[in-house]
Amino acid sequence: MVINTNDTITAIATPNGLGAIAIVRLSGNLCLKIVSILFVSKEKKKITELKNNTMYLGFIKQKNKIIDQVFLCFFKKPCSYTGEDLIEIYCHGTLYIQNKILKLFIAHGARLASPGEFALRSFKNGKIDLIQAEALSELFKAENEEAHDRAIQNFNGKFAIFLKEIRQDLIYLNSLINVSLDFDEDNISEFNYKKFITTLVCLIKKIKRTMLGFKTNNLLKKGYSLVLVGRPNVGKSTLFNLLLKKERSIVSNISGTTINYIEEDCFIKGIKYRIVDTAGIKETNNTTNKLELQGIQKTYETISMADFILVIKDNLEQDLEKDFKISRKKQIIIIINKCDLLKKKIISNKQYILISAKYRIGLEIIKKQIKKRLNSKYHKTENIINNMRTYEGLKQVVLTLMKIKKTRKNYLTPEICSFFLREANSNLGKITKIITNDEILKQIFATFCLGK
Ligand SMILES: Nc1nc2c(ncn2[C@@H]2O[C@H](COP(=O)(O)OP(=O)(O)O)[C@@H](O)[C@H]2O)c(=O)[nH]1
Ligand SMILES: [Mg+2]
């Protein structure tokens, strides 16, 4: 499928619905011709007199009938978002007016744009690179501050700076072997193998560190799983509701009330979690109730998938971690609930947090502890890879560099190094621009909104 970028496209750039103002966009060669028929400026300016980056008050007219009083903004090519002549009409935001203007543009030769087609033209005309395009797509999806910050950083070129550094490192590696290429064969030992390999290993580590950030990014988007486990009646559902700030799970003193697990998204200190309330696991698993058994099986499954586990007890004695077969590698926070019933006075310490879910005591300590564990478990830096395509691109670079690293010293000639360094450089290039396959491009830009 070929992407046509020669015609003139139009779309409503503001959300579908009634608003104070709506924006209708028009981009391509026919822009000026179309508005010369439909727009009359208040100052009776000719369309050929329109200046770049300037707004004009006027009317959209169909023959002599006024459709709306609007502002027209003209962005002359190549100084526009799409790199083509681009016109934005700021009209009154009724559905009738927005659609009428759109229909008039189409009737006079424009085509309705597909989602992301303006951004696609921007990319094709070299106004933004693919990383920026993808960052834009992430920006639209960003639901919280973390996701927003990463997307905006990439749109403003943070990842581009990283790629530039990698390219410079490759050039430096190349310079190390080029010294030896200048020598004749007898002097091949001049190739400083040790320095070359040390630099190469550093570079591989640097890229891998950044790739690790991709996994963190994915978790941040979808939410870390935080599972509440414990014996029946210890107050799991009460704490679950408290964390969610709503009565989502049934609280009761009847053992076995929560049969299946319940999960909900929630933000704790700005980070997204998927909190799971599970069926309590009894001391002796002698229940024959099929539903209860299934519920307990599901609890074990959620434990194995969890990023964080809150083990809830209502006394100090129970040793549940072993009982519930929780791997030591998991992030476990032990909580002693119902502190309001305790006769002896004890306080929270490194081993456990004392709370009363019913009386809302100790919730802030739990939240702080979760945040602390999160920071220690998942490093927060280098979270600049937003998508699988970039991740795979960097993986190819690493795989190519690994080919050099794995080649035995005796066989590693400067020519071989040079060959693989060129390959790595080409892998790197593919990440930012050299994508010729229209299908891939369409996939990337199709995630955008209409009018973007
Ligand atoms: N005194 C006291 N009772 C609590 C506390 N938290 C929960 N409960 C009670 O313990 C019972 C079981 O609570 P629930 O949340 O359903 O426990 P789950 O089976 O672990 O989900 C209910 O009657 C709750 O009101 C608490 O902090 N103090
Ligand atoms: Mg429950």
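In listed order, ligands and their atoms are each counted from 1. All residue numbers refer to positions in the sequence shown, counting from 1. Worth knowing before you read on, the calculation uses all heavy atoms, side chains too, and leaves out hydrogens, waters and symmetry mates.
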Report yes if [X] has an N/O atom closer than 3.5 Å to an N/O atom of ligand 1; otherwise report no.
X	result
S237	yes
I355	no
C339	no

Record the part of [X] in heavy-atom contact with ligand 1 below 4.0 Å; permitted values are side chain, backbone, both and neither.
X	answer
N337	side chain
T238	both
D277	neither

Within the 4.0 Å heavy-atom shell around [X], which atoms of ligand 1 are there?
X	answer
K236	15 (O), 17 (O), 18 (P), 19 (O), 20 (O), 21 (O)
D340	1 (N), 2 (C), 26 (C), 27 (O), 28 (N)
L341	1 (N)
S356	26 (C), 27 (O), 28 (N)

Quiz prompt | Heavy-atom nearest option to atom 5 (C) of ligand 1, drawn from R360, R231, K358 | solution =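 Among R360, R231, K358, the closest heavy atom to atom 5 (C) of ligand 1 belongs to K358.
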
Self-check item: T278 versus T302, side-chain donor and acceptor atoms under 3.5 Å
Solution: no

What side-chain donor-acceptor pairs closer than 3.5 Å can you find for residues 93-109, not counting sequence neighbours?
unit_1: T94; atom_1: OG1; unit_2: I97; atom_2: N; d: 3.0
unit_1: Q98; atom_1: NE2; unit_2: G17; atom_2: O; d: 3.0
unit_1: Q98; atom_1: NE2; unit_2: G93; atom_2: O; d: 3.1
unit_1: N99; atom_1: ND2; unit_2: L95; atom_2: O; d: 3.0
unit_1: K100; atom_1: NZ; unit_2: Q62; atom_2: OE1; d: 3.2
unit_1: H108; atom_1: ND1; unit_2: L104; atom_2: O; d: 2.9

Exercise. Using a cut-off of strictly less than 2.8 Å, determine whether N233 has an N/O/S atom near the Mg ion (ligand 2).
Key: no

Quiz item: So do I275 and L310 actually touch side chain to side chain, heavy atoms under 4.5 Å?
Solution: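 L310 vs I275: side chains apart.
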
Quiz prompt | Note, I21 side chain near T14 side chain (heavy atom, < 4.5 Å) | solution = no

Practice problem: Can you label the angle between the Y224 ring and the Y273 ring as parallel, tilted or perpendicular, going by 30° and 60°? | Solution: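 If you compare the ring of Y224 with that of Y273, the planes turn out tilted.
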
Quiz item: Does the gap between the ring centers of F162 and F159 come in under 6.0 Å?
Solution: yes

Practice problem: Could you pull out all residues at least two apart from F420 that satisfy ring pair (Phe, Tyr, Trp, His ring centres under 6.0 Å)? | Solution: none

Quiz item: Should we count NZ of K395 as having more than 12 external heavy atoms under 6.0 Å?
Solution: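 No, not enclosed.
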
Quiz prompt | Non-hydrogen atom of A357 closer than 4.0 Å to ligand 1 | solution =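 A357 counts as a contact of ligand 1 under the 4.0 Å cut-off.
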
Quiz item: Are R25 and F118 in a cation-pi contact, defined as NZ or CZ under 6.0 Å from the six-membered ring centre and within 45° of the axis?
Solution: yes

